[in-house]
Structures are given as C-alpha cells and as structure tokens.
Amino acid sequence: MNFQKIPLDLVKPSPMNPRKTFDEEAIKELADNIEKQGLIQPITVRTNPHDKGFEIVCGERRYRAFCLLKDREDKINIAQTAAHRKKYCHFQAIPAMIRELNDEDAFEAMVTENLHREEVEPMEEAFAFSQLIKNGKTAEEVALKFGKSIRFVQDRCKLNSLIPELMLAVKEDKMSIAAAMIICKLDEEGQKKYHSQYSNNYQGFTKSNAQGFVDSLFMNLNKSLWYQSDNQADEDFAGGCGTKCSLCPLNTANHGCLFYEMKSEDTGRCTDRAKFRAKTIAYMMHFVESQSERLVKKGEPLEYGKTVIAIKVEDYESEASKAFKGQVIDLIT
C-alpha cells in the first residue's frame, strides 16, 4: 500500500461499484470545496485487472469532482497555451492510496464505503447487501458490520425481487419503501398488474394502495366459510385442495418472516386464488351434504321443516360456479 499522485486519465470508476446514482449539484459543491481547500482524503485505487491504469475502490465522488476541476483547468490551459504562458497542473493528477485487492475484497470495500454514507439509495443498498450475502456473508454478519438489524438487511434484500419498473419507481421516489416491501413479495405477474393499475395514480405507489391490492389478491381466511362456521372443527377442513390452512405453505400466517407486513391477529391469507376457490366450493358441497336429511329431493313431497334448493345456471356464469351448481343438482336429485 502506497500513496502517490496518479494522472487522472489513468484512473477509471469500477463497474462493480454498487452506487450508480450521484447528485450532480453535490459533486459541483464538492469540486468547489476541493478547489479552495485541496483534497483532504485521497481516493483508494487498485491496479485495474481488466485494463491499464487503476480502478477506483473508494472515492468515486471525489474522483468525479476532480474531473470537473480538470475540465475547468483544461479550458484555462487552452488560453494559457495561446498566450505562451505556463499551463496549470493542479488537477491533472489525483492523490491516491494504491492497494492490492482481489475482486471480492475490492467489492466489500466499495460496499462498506457506500453503506456508511448518509441517505443511501434503498435499491443500491438492497443490491449491496444481497451481493455480500451471495459472496458468503450471513445476514447476521452484514447486519453487525453496518449497524443494522437482521430484519432490516433481510427486508432490503427482498427489494431485489421487484420488477425493473418498480425498482425505478423506488429510485425516483414515486414508490414508498413501505409499499415496495409489500409488493416485492408478489410474483412477476402480480407486480406487473399492480404497476399497470397504479402507475397513473395521482398519489403514486403508496402503502395504502399496495396493501389494498395485495388484500384483493390474497384471500383472508378469517372470512372464509370454514372459519366462519359455528363448528370449530371446520377450520381443519381440507377438501378441495387437500391441505388444512393451519399447515398450508400457501397461508401467509405460516411465513412469519416473508409476509410479516400482512400478518395481524388473524389466521393469515391464502396466496393461491384457485385453491381458495376450490376449497370454498368443496366446503359448500360439504355443508349441503351435511344438511341432506333436511333437503327435499326431486320428486319427493314437500314436508314441514324441510328446505327446497332451487338452482338456475346462467350462461354468463363462470365454469367454477356452474360446476358447483351441477354438483348440488346431482346431490338433491
């Protein structure tokens, strides 16, 4: 490791740097400060493994500010040359600390510098955390290193599952982190549907409309027929899909970490609409069968205290509805 001034033309930003967004106004302010006070902290570089010169490990903002100063100086030097005067060379080379680092160590150094700054962009943080974990760190180690909770690290990593359109919305502050944390649990199709439905909403992508959208997709088990039944044993009803809700992996209540934003005091929500519908139809048939002794069958005389079921199948009804009514007709005839 050594310090030296390196010609700015030999220094390049690293493609591995998880930080992709830079405030241009802030860079200009930094350039003005460097021009007045000098570069207080040198940048850190390593020998470029893919090209000649050096690759930035830490200090890309300082490098960008130095580039602005060099551009200003180059313009002044054109006039200096025309007037046969000595050219300035204050910003042609940048003070740097050279370190020998492999890709893994360099990336971790980049991430560390970026994540220790204020107001880290959430999607960049999500990418950085996930890359560290991909490189062998545990969520606990990452959390300890950056002074975050394990839940925070896990949540940020989940943001990587957002579709590109919603990632951009988060970056542009058009989607709140609270909304993103709810929607990132959905599959690609669900996320695209949410984006299409609310992309032109004047409020943008909010926690409220994200929660409402998810609620419309995931069926609340507390409101299901088998949980509202007076018979508590019906809560273990497994017809239609073959699984009790209390044991089903599709029930959000059984995924406390993944779906904790949606979990409340209730028994969870079903995340498979087709299976929820199948169980609903199966339970309705189960209920009708349990009342069969009180039903008047076709061709039987009416009796006091018995019930008549009249079924009418409309052309516009769904196939599932027609199938259910067909089963009831078979039962009572």
Side-chain angles (χ1 to χ4, degrees), residues 1-3 13-23 26 30 40-47 49 54-64 96-164 166-171 173 175-186 207 210 249 252-264:
M1 183 170 60
N2 62 82
F3 292 90
S14 172
M16 295 194 304
N17 190 352
R19 184 176 188 179
K20 305 299 181 185
T21 56
F22 293 87
D23 186 330
L30 178 58
I40 298 174
Q41 182 181 5
I43 65 171
T44 302
V45 300
R46 66 170 181 158
T47 302
F54 300 89
E55 180 182 83
I56 299 171
V57 176
C58 301
E60 187 168 341
R61 285 183 73 253
R62 283 163 276 161
Y63 163 79
R64 287 171 176 258
M97 176 174 64
I98 303 172
R99 298 182 61 187
E100 294 302 322
L101 300 169
N102 59 30
D103 285 350
E104 183 177 341
D105 291 337
F107 178 76
E108 186 166 343
M110 293 174 197
V111 170
T112 300
E113 183 194 42
N114 285 323
L115 295 185
H116 277 137
R117 76 182 196 269
E118 295 181 3
E119 299 181 359
V120 183
E121 203 278 315
M123 292 312 307
E124 291 180 358
E125 194 170 45
F127 174 76
F129 284 157
S130 65
Q131 288 300 305
L132 287 174
I133 292 173
K134 183 179 178 181
N135 289 341
K137 300 290 184 183
T138 66
E140 290 83 355
E141 288 172 334
V142 174
L144 182 63
K145 184 177 183 66
F146 297 104
K148 308 290 185 180
S149 68
I150 297 174
R151 172 60 58 75
F152 181 90
V153 172
Q154 292 171 332
D155 283 351
R156 280 293 188 262
C157 289
K158 291 172 194 172
L159 291 179
N160 289 299
S161 64
L162 287 172
I163 60 175
L166 293 178
M167 283 188 178
L168 181 61
V170 173
K171 290 180 180 179
D173 290 328
M175 184 178 196
S176 68
I177 293 299
M181 287 309 308
I182 294 172
I183 297 300
C184 72
K185 312 302 188 309
L186 301 179
K207 180 180 180 181
T252 62
N254 297 329
H255 291 272
C257 180
L258 183 60
F259 289 98
Y260 74 90
E261 300 91 345
M262 299 161 52
K263 185 179 178 183
S264 58

Item to check | Atom of Leu162, atom of Ile183 and distance for their closest heavy-atom approach | outcome: CD2-C, 4.4 Å
Next on the checklist: I'd like to know whether Asn17 forms a side chain to side chain donor-acceptor pair (under 3.5 Å) with Glu60, so could you lay out the CA-CA distance, the side-chain angles of the two residues, the decisive distance to 0.1 Å, and finally the verdict.
Outcome noted: CA-CA 9 Å; Asn17 190 352; Glu60 187 168 341; 2.9 Å; yes
Next on the checklist: Using the salt bridge (Lys or Arg N to Asp or Glu O under 4.0 Å) criterion, which residues pair with Lys171? Sequence neighbours excluded.
Outcome noted: none
Item to check | Rounded distance [0.5 Å steps], CG in Asn135 versus CD in Glu108 | outcome: 8.5 Å
Checklist entry - Taking the side chain as C-beta and beyond, is there a heavy-atom pair between Val111 and Gln131 under 4.5 Å? => result no
Checklist outcome for this item: For Val57 and Ala109, the nearest pair of non-hydrogen atoms, with its separation, is CG1-CB, 3.6 Å
Checklist outcome for this item: Output for pair (Phe146 CZ, Arg156 CZ), nearest 0.5 Å, gives 13.5 Å
Next on the checklist: For a 4.5 angstrom cut-off between non-hydrogen side-chain atoms, does Ile133 reach Thr138?
Outcome noted: no
Next on the checklist: Nearest 0.5 angstrom please: Arg61 CZ to Ile43 CD1, how far?
Outcome noted: 13.5 Å
Checklist outcome for this item: So CE of Met110 and OG of Ser14: to nearest 0.5 Å the spacing works out to 3.0 Å
Checklist entry - Has the side chain of Ser161 got a donor or acceptor atom that lies under 3.5 Å from a matching backbone atom of Cys184? => result yes
Checklist entry - When you look at Arg62 and Glu113, which way does the salt bridge (Lys or Arg N to Asp or Glu O under 4.0 Å) test go after all the steps? => result CA-CA 13 Å; Arg62 283 163 276 161; Glu113 183 194 42; 2.9 Å; yes
Checklist entry - Are Arg46 and Asp103 close enough for a salt bridge, meaning some N to O gap below 4.0 Å? => result yes
Checklist entry - Any donor-acceptor pair under 3.5 Å linking the side chain of Asn160 with the backbone of Ala126? => result yes
Next on the checklist: Before you tell me yes or no, could you show the steps for Ile182 and Lys207 under side-chain contact (heavy atoms from CB on, under 4.5 Å), namely the whole-Å CA-CA distance, both residues' side-chain angles and the distance that decides it to 0.1 Å?
Outcome noted: CA-CA 8 Å; Ile182 294 172; Lys207 180 180 180 181; 4.0 Å; yes
Checklist entry - Taking NZ, NE, NH1 and NH2 as the nitrogens, is one of them in Glu125 or Lys158 under 4.0 Å from a carboxylate oxygen of the other? => result no
Checklist entry - Between Lys145 and Thr112, what is the shortest heavy-atom contact and its length? => result CE-OG1, 3.2 Å
Checklist entry - Counting only N and O atoms by type, is there a donor-acceptor contact under 3.5 Å from the side chain of Lys148 to the main-chain atoms of Leu144? => result no
Checklist entry - Quick one: does Glu55's side chain have a donor or acceptor within less than 3.5 Å of a partner on Thr47's backbone? => result no
Next on the checklist: Could you report the tightest heavy-atom contact between Leu159 and Met167, atom names first, then the distance?
Outcome noted: O-CE, 3.9 Å
Checklist outcome for this item: Heavy-atom nearest pair, Lys137 first then Glu141, reads CA-OE1, 3.4 Å
Next on the checklist: Could you measure the distance from the CD1 atom of Ile56 to the CZ atom of Arg64? Nearest 0.5 Å is fine.
Outcome noted: 8.5 Å
Checklist outcome for this item: Separation between CZ (Phe54) and CD1 (Ile98), nearest 0.5 Å, reads 4.0 Å
